[in-house]
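What follows is a single structure, written as structure tokens, with notes after it.
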Amino acid sequence: MAFGKGCHLHLIDGSAYIFRAYHALPPLTRKSDGLPVGAVAGFCNMLWSELQKDHGADGPTHIAVIFDKGSHTFRNDLYDLYKANRDEMPEDLRPQMPLTREATLAFNIACKELEGYEADDIIATLARQAREAGGRVTIISSDKDLMQLVGGGVEMFDAMKNRRIGPEEVEEKFGVRPERVIDVQALAGDSVDNIPGAPGIGVKTAALLINEFGDLDTLLARAEEIKQPKRRQTLIEKADQIRLSKRLVTLDQDTPLDFTLDDLELRDPEPEVLMDFLNQMEFRALTRRVADHFGAAPPPAPEIAPVSERAPEDAPAPEQAAFTPGDYVTIRDADTLERWLDQARARGWLAVDTETTSLDEMQADLVGVSLCIEPGQAGYLPLGHTAGGDDLFGGSAPQPGQMPMAQALALLKPVLEDPAILKIGQNMKYDFKIFARHGIRVAPIDDTMLLSYAMHAGLHGHGMDALSDRHLNHQPIPIKELIGSGKAQITFDKVEIDKATAYAAEDADVTLRLWQAFKPQLHRLRATTIYETEERPLVPVLADMEMAGVRVDTSVLARMSNAFAQKMAGLEDEIQQVAGQPFNVASPKQLGEILFETMGAEGGKKGKTGAWGTGADVLEDIAASENEQAARLAGLVLDWRQIAKLKSTYTDALQTHVNPETGRVHTSYSIAGANTGRLASTDPNLQNIPVRSDEGRRIREAFVAGPGMRLVSLDYSQIELRILAHVANLPEMKQAFKDGIDIHAMTAAEMFGVPVEGMDPAIRRQAKAINFGVIYGISGFGLARNLRIPRAEAQGFIDRYFERFPGIRRYMDETVNFAKEHGYVETIFGRRIHTPEINAKGPGAGFAKRAAINAPIQGAAADIIRRAMVRMPDAIADLPARMLLQVHDELIFEVEEGAEEALIGAARAVMEGAAEPAVKLSLPLVVDGGVGHSWAEAH
DNA sequence: AACTTCACG
DNA sequence: GACGTACGTGAAGTTC
């Protein structure tokens, strides 16, 4: 078919994709000979899913993958420093480049490159030709250098983010229409490609100038009219450099191609050729998928040496059988269930999953259990399915063909508690709690979510759907298909058993397959220790804490809510009066308009959505400003906001979270939520109960001990700074911690040469801000904003700090370099946190850098408290006490009156010694404690 | 569902 | 030498 109107050309930016795949994926080698093939694997997976994608009527009629060729292009002739600061290609990526060409051809897709031109130029030329022929173009890439091509039937698609990039998205990024993108790039330059641009001018300023003057030529011609003297001078003096930059960023739409659009027509792959190539690469899962697709038998796998002769890195990927929902069975009687359980006994493992009526494990009723022992062989045991229609009494009849719950649980119990049978689940804490409420303590367990977290924290989420899609290339039935969503959502017990079987059995099947894929990878990614000491054993510990819950006195909360409501009403009246009009005080949009437009407050800034920012820091500035009316309004709104927050998020909401059966609040901790190893608390979040303000702190008075009990709070003192002193080897700081000296005062003394005794509190406060700033990957800007001092002064503090504590600099540099080289950072306990954005260009790199600096410190603190929590139940087993809550560096216990000191002694010992024996810290960990009837007293 | 704001360590 | 800037979370309310 000749390319013309109605045709749709897909152009894949091959080189860019390979780099991203290389950095995003863990290193993978071919089993038989160790050839690095990770980027090739990512590339093939991408091509295959691209070809499988259902575009409807909008699919490609023509397709090509475009590569860079050689490193010398016409741009180097224009400017010899072009891309001069590019790093060498990584050692293990180099041999993969030719393989990706081979891969493209194996998929029967045109593969094009041209000496002396970049892939971008070829793409530009083809896009122009296609456009002129009346066709449409999708460029599969997220490279901003290609954005100049967007428009007139050409758009881009970011395959990683699954996001289409049209003229609006381009304008969002560059601030100008696609036609003017090159003008902005010419001015802003590009540090990654080493394009000089105009010094001191970034994208924002460039867009401003271009929008004002129309285009670059006009701007340069009329540069004298620019008001800002510095900018004007730059544009006049650097005009040549800017023109050169424009030539460098402008893509060549007339590259001499030795082929035409017609040659790029979409063709089906030749099954044998493709499978042969994939098989040679030893991509077994993908080979199998492709074979399934063509209904062909996969070629025999190449010979692989037996396990004993292989290096541990070369563990084989598990054999991947197709998903066959038809094979799932519904378990309706005791004999069938027994046969499944016998299989589990024979195997020594069993994947389990529970289906219930709610996401809240404390309220959920068990509806069914799914089991899986072999990939593809899964069963569903329905126990609590009811017929759709409710009867007069609100109950409903059970659906037929279900075993009695008690009988089924009696059969399951010995297997679920059998120490010789491993129970495998995804997010097992959930199922553990469901079974625990039926008198079954599931053990031992393995958890695919936690396996993924231990190996791949920072790379992606660890929910089952994401893992299945990533590792099995399989999309499980969405729960919404069964229970709907929104108001019409039904509970799982109302789902028809046949449908429930297809869904639930699949979940167990997916879990088992994930487990088989993950388990052998665990040790080669050096994640076994973390998984075995900090993730797996934490499941029952957290489950018990969550089930214990914490007593909350709702009458205290209700009183506070009432008082807050009155105060808010009064403030609202006053606010409307000052504003001179009624408006919604809770609307930042309306408030911003009144403050900055009606009242003319100064110093307002609009966010990316065009709304005025009205955060607390902005309002505080206005409240202290000369504009009396605005100052008064801002002050009132600050007061109102504080109370509104306390009321809606805490005093109101907490009351609704009290469980009617237990009279207590049961939070849920996510173990794999935070990348650094921290826990997160949800429904409700009990890790952000107010404490910093006096008014807020009173909410903690509502968290109380049961009758005859006390609350005990134990928290690590300055744990992150201690870890920093240890890992960055800061002798002065270590000594101060050993001597028990006030660390912030010591810092101030070191930096400003004043004695610790009689320290000015203001100076100490500044030193404290710097100490915290360091942990966050300090910057002059950030510190200046935090302390509200000029930026130069803040930078001076930082310079002096680095001078006094040279280990800090070293730590920061080494950590960032490590992240760049490996794609992850590590805590002293071996927890790996991936930093996929660390080598990205643009502002993301700054974020990634600071995150990389912070992660080993925050992560090590998280490791330490996890280790303490895992040991705690045994350490306090003989005491009438239990652990209730964790707040990052604090543990809260409930203990019988009289046993407080015994508990504090035992728990403190566990916490202070939690790093050992894995790590011997070069300074002590110190734990402070408190006791009281309420959390307010204990803290 | 995205954005803004604000509570915690 | 310029980018844009403190790290990690979850929840509530408004707006689209």
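Sequence lines set the chain letters: A, B, ... in the order given, protein chains first and strands last, and positions in each chain run from 1.
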- Item | Pairwise P distance, dT5(C) and dC3(B) [rounded to whole Å] | 15 Å
- Item | Atom-to-atom span, CD1 of I808(A) to C1' of dA6(C) - whole angstrom | 15 Å
- Message: Does G197(A) reach a base, just sugar-phosphate, or nothing at all? Heavy atoms under 4.0 Å.
- Response: nothing
- Query: Which whole-number value in Å describes the distance from I699(A) CD1 to dA11(C) C1'?
  - Reply: 13 Å
- Query: Starting at the 5' end of DNA chain C, which residue's closest nucleotide do you reach first, N675(A) or G773(A)?
  - Reply: G773(A)
- Task: Could you tell me whether I201(A) contacts a base, only the sugar-phosphate backbone, or nothing, with contacts defined as non-hydrogen atoms closer than 4.0 Å?
- Result: sugar-phosphate
- Query: How is S779(A) classified with respect to the nucleic acid when contacts are heavy atoms under 4.0 Å: base, sugar-phosphate, or nothing?
  - Reply: base
- Task: List for me each residue that meets salt bridge (charged side-chain N to carboxylate O under 4.0 Å, His left out) alongside D465(A), sequence neighbours excluded, and say none if there are none.
- Result: none
- Partners meeting side chain to side chain donor-acceptor pair (under 3.5 Å) with E572(A) (sequence neighbours left out): W640(A)
- Query: Counting side-chain heavy atoms from CB outward, which of dA6(C), dA12(C), dA11(C) is closest to R785(A)?
  - Reply: dA6(C)
- Message: Does G777(A) reach a base, just sugar-phosphate, or nothing at all? Heavy atoms under 4.0 Å.
- Response: nothing
- On DNA chain C, check which nucleotide each of G202(A) and P684(A) is closest to and give me the residue with the more 5' one. G202(A)
- Using a cut-off of 4.0 Å between protein heavy atoms and nucleotide atoms, how would you tag nucleotides 3-9 of chain B 5' to 3' with B, S and -? SSSBBBB
- Sequence neighbours left out, what passes salt bridge (charged side-chain N to carboxylate O under 4.0 Å, His left out) with D889(A)? Give chain and number order. none
- Query: R850(A) has an atom CZ; how far is it from atom P of dG8(C), in whole Å?
  - Reply: 9 Å
- Query: Atom CZ of F583(A) and atom P of dT15(C): how far apart are they, to the nearest Å?
  - Reply: 11 Å
- Message: At 4.0 Å (heavy atoms only), tell me whether I778(A) reaches a base, stays on the sugar-phosphate, or touches nothing.
- Response: base
- Task: Looking only at side-chain atoms of A674(A), point me to the closest of dA11(C), dT9(C), dA6(C).
- Result: dT9(C)
- Between dA12(C), dA6(C), dT5(C), which one does the side chain of F847(A) approach most closely? dT5(C)
- Test the R809(A)-Y811(A) pair against the cation-pi criterion, namely NZ or CZ under 6.0 angstrom from the six-membered ring centroid and within 45° of the ring axis. no
- Task: With sequence neighbours excluded, tell me which residues meet ring pair (Phe, Tyr, Trp, His ring centres under 6.0 Å) with H726(A).
- Result: none
- Task: With P as the reference atom in both, quote the distance from dA7(B) to dA2(C) in angstrom, rounded to an integer.
- Result: 37 Å
- Message: With a 4.0 Å cut-off on N to O distance, would you call K606(A) and E593(A) a salt bridge?
- Response: no
- Message: Counting the atoms with a prime plus P, OP1 and OP2 as sugar-phosphate, which does A848(A) contact under 4.0 Å by heavy atoms, base, sugar-phosphate, or nothing?
- Response: nothing
- Message: My understanding is that only residues two or more places apart in sequence, or in another chain, count here; which of them pass salt bridge (charged side-chain N to carboxylate O under 4.0 Å, His left out) with D928(A)?
- Response: none
- Item | Atom pair distance, as rounded to whole Å: CG in D190(A) and P in dG4(C) | 12 Å
- Among residues two or more places apart or on two chains, list those pairs meeting side chain to side chain donor-acceptor pair (under 3.5 Å) that have a residue in residues 852-865 of chain A. T676(A)-Q858(A), T827(A)-D863(A), R831(A)-D863(A), N854(A)-Q858(A)
- Message: List the residues meeting side chain to side chain donor-acceptor pair (under 3.5 Å) with D183(A), not counting sequence neighbours, and say none if there are none.
- Response: R180(A), K246(A)
- Mind calculating the distance between OH (Y669(A)) and P (dT9(C)) to the nearest angstrom? 17 Å
- Message: Between C1' on dG4(C) and NZ on K849(A), what's the gap in Å once rounded to a whole number?
- Response: 12 Å
- Any S587(A) side-chain nitrogen or oxygen under 4.0 Å from OP1 or OP2 of dT15(C): yes
- Query: How would DNA chain C look in dot-bracket form, 5' to 3', counting Watson-Crick and G-U wobble pairs with both distances under 3.5 Å and writing | for bases paired to another strand?
  - Reply: ......|||||||||.
- Message: In whole Å, I'd like the distance from the CG atom of L721(A) to the P atom of dC7(C).
- Response: 17 Å
- So, do Y801(A) and F797(A) have ring centers that fall under 6.0 Å from each other? no
- When rounded to the nearest Å, what value does the distance between C1' atoms of dC8(B) and dC3(C) take? 31 Å
- Message: Checking contacts here: which listed nucleotide (dT5(C), dT15(C), dA6(C)) is nearest the side-chain heavy atoms of R791(A)?
- Response: dT5(C)
- Query: Does the distance from a Lys or Arg side-chain N to an Asp or Glu carboxylate O, for K647(A) and D652(A), drop under 4.0 Å?
  - Reply: yes
